[in-house]
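Residue indices begin at 1 and follow the sequence shown.
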Amino acid sequence: MVTVVVVVLVALALRPPFTAVAPLLDRIQRDLGVTGTFSGVLTTLPVVCLGAFAFVAPRLRQRFGDERVLLGCLVVLLIGNSLRAFGDIPTLLAGTVVVGAGIAVANVAVPGLIKRDFPHTVPVVTAVYTMCLTLGGAFAAAAVVPIGHALGSEWRAPLGLLAVPVLVALVISLVAVRGSAVAAPKPVSPGILWRSPLAWHLTFFMGLQSSLAYVVFGWLPTMLQSRGMSPELAGLALGVQAAIQAAGSMSIPLLCRRLRDQRPIIVVLALMLMFGFGGILLGPTGLLWPAVVVLGLAQGAAFGLALTLLGLRSPDSDTTTALSGMAQGGGYLIAAAGPLLIGLLHDVSGAWTLPLVLILACSAGWLGFGLSVGRPVQVPSVIGRVTPN
């Protein structure tokens, strides 16, 4: 029960620092007098941090234990969110890096904690985790602008107030884990994963899924407006799409319980991703909302499945954490290129045809790697037990 409380509270705190920025971006740009390039850096920097800092998480987990690492991540998030409230350019960037570091380490640590305490129900607990991630992010995206209006602050107060739920999560988590012992560290050899084809396939699988997700976060409203949808409706569609992801993530436990081999799930999700993006950019206007719904379901399920596979493809919790660090570290560095390439192709061509080709190619690549990672096999254990892959 303690683990579930910590997982839920951490999940609710992880997405808001990212999703709250996009609705405030035009206000930040106008108030600070910065260019669109700065805005691009501000939205891309967190993704780069997710990749760069993920690699240190397994070592921290070995030294301090899962619960203490997650508590430390909440402290880091509290500092980062508070820094961004000061509102000048240096503290905004510094706060974004600090927030990105805390989220990166927590992202890696949680799958290992779930594998440790719920080895036989990994999909179920992971679904709860991804649902809370999605709902926390969707709520923050919807709430920051009204909060800013209510407080008479365009963006500083809304970003600073994100520290409040983190503080609540920190206090409750401290009480929940009080007195818990830190397990003695085991000798591990995480380098063995870098020689595992399955581990590399999982890294690219997660990277392509995350890349498509950040394309949606960054470009979905613009795509919909290019099809004639008003800015207000396009923003609503992004919120609806984010909320629907929770339903998609909750479908994963049921599916994984029925299918030990996840390849059929991955094939269906890849087709749904292609239909969603294709319907938004090429379909008749009457298909826009159905395509948004299908895309939300597919992305929620794909994200939940990617995190679930980190546990299912690992023989123990130490290996799950090491695999999570590798897959999320490399995966988010891959993902950072997605929104930038979409913007570049759109600027060069002046249309959405080339970006759609890239999106469909990423979806096909995700399917290709999925046909490997969906098999019921495991990576080698970093603590010595080797399972063939």
Side-chain angles (χ1 to χ4, degrees), residues 7-29 39 42-47 49-50 73-74 76-87 92 95-104 106-107 110 128-173 210 213-214 216-221 231-232 234-249 292 296 299-300 303-304 339:
V7 165
V8 167
L9 291 173
V10 169
L12 291 172
L14 291 186
R15 278 280 180 90
F18 287 171
T19 60
V21 172
L24 302 172
L25 201 55
D26 60 334
R27 293 168 172 80
I28 294 172
Q29 188 171 334
S39 298
L42 192 62
T43 54
T44 303
L45 185 59
V47 189
C49 290
L50 289 181
C73 289
L74 290 174
V76 171
L77 279 175
L78 186 65
I79 295 170
N81 283 319
S82 301
L83 275 175
R84 297 200 298 183
F86 285 99
L92 184 60
T96 299
V97 172
V98 172
V99 161
I103 294 173
N107 277 344
V110 169
V128 173
Y129 169 61
T130 55
M131 181 188 69
C132 292
L133 276 175
T134 303
L135 291 178
F139 177 79
V144 285
V145 173
I147 288 174
H149 289 158
L151 297 177
S153 173
E154 287 201 327
W155 61 272
R156 290 177 176 83
L159 287 186
L161 284 175
L162 293 178
V164 174
V166 176
L167 179 60
V168 172
L170 177 60
V171 172
I172 296 175
S173 297
S210 299
Y214 282 100
V216 170
F217 292 155
W219 288 103
L220 180 61
E232 292 78 13
L236 175 63
L238 180 60
V240 168
Q241 198 267 354
I244 290 173
Q245 286 188 32
S249 68
V292 167
Q299 289 209 304
F303 177 60

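At distances below 3.5 Å, at least one donor-acceptor pair connects side-chain atoms of Ser249 with backbone N or O atoms of Ala246. With Trp155 contributing its side chain and Gly148 its backbone, the two residues share no donor-acceptor pair below 3.5 Å.
Residue Leu14 forms a side-chain contact (heavy atoms from CB on, under 4.5 Å) with just one option from Leu74, Leu9, Leu133, and that option is Leu133.
The minimum heavy-atom distance linking Cys49 with Ala104 is given by the pair O-CB, 3.6 Å. The two residues Val10 and Ala106 make their nearest non-hydrogen contact at CG1-CB, 4.3 Å. In terms of heavy atoms, Pro221 sits closest to Ala234 at O-CB, 3.6 Å.
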Would Phe86 and Leu92 count as a side chain to side chain contact (heavy atoms under 4.5 Å, CB included) if you check the C-alpha gap in whole Å, the side-chain angles of each, and the deciding distance to 0.1 Å? CA-CA 7 Å; Phe86 285 99; Leu92 184 60; over 6 Å; no
Leu24 vs Val145, side chain to side chain contact (heavy atoms under 4.5 Å, CB included): CA-CA, chis, key distance, verdict: CA-CA 7 Å; Leu24 302 172; Val145 173; 4.1 Å; yes
Apply side chain to side chain contact (heavy atoms under 4.5 Å, CB included) to residues Leu159 and Asn81 and explain how you reach the verdict. CA-CA 7 Å; Leu159 287 186; Asn81 283 319; over 6 Å; no
Using the side chain to side chain contact (heavy atoms under 4.5 Å, CB included) rule, take Val99 and Leu162 through it: C-alpha gap first, then chi angles, then the decisive distance, then the call. CA-CA 11 Å; Val99 161; Leu162 293 178; over 6 Å; no
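Atom CD of residue Gln245 and atom OG1 of residue Thr130 lie 9.5 Å apart, to the nearest 0.5 angstrom. The distance from the OG1 atom of Thr96 to the CG atom of Leu42 is 5.0 Å, given to the nearest 0.5 Å. Atom-to-atom distance recorded for Leu83:CG and Leu78:CG is 10.0 Å, nearest 0.5 angstrom. Between the OG atom of Ser82 and the CG atom of Leu167 there is a distance of 9.0 Å, given to the nearest 0.5 Å. One finds the CZ atom of Arg156 at 13.5 Å from the CZ atom of Arg84 (value rounded to the nearest 0.5 Å).
For Arg15 and Phe303, the positive end sits near the middle of the six-membered ring, less than 6.0 Å away and at most 45° from its axis.
Side-chain contact between Ile103 and Cys73: absent, with no pair of heavy atoms (C-beta onward) separated by less than 4.5 Å. Counting only heavy atoms from C-beta outward, the side chains of Pro339 and Trp219 approach each other to under 4.5 Å. Side-chain contact check for Leu50 versus Phe18: some heavy-atom pair is nearer than 4.5 Å.
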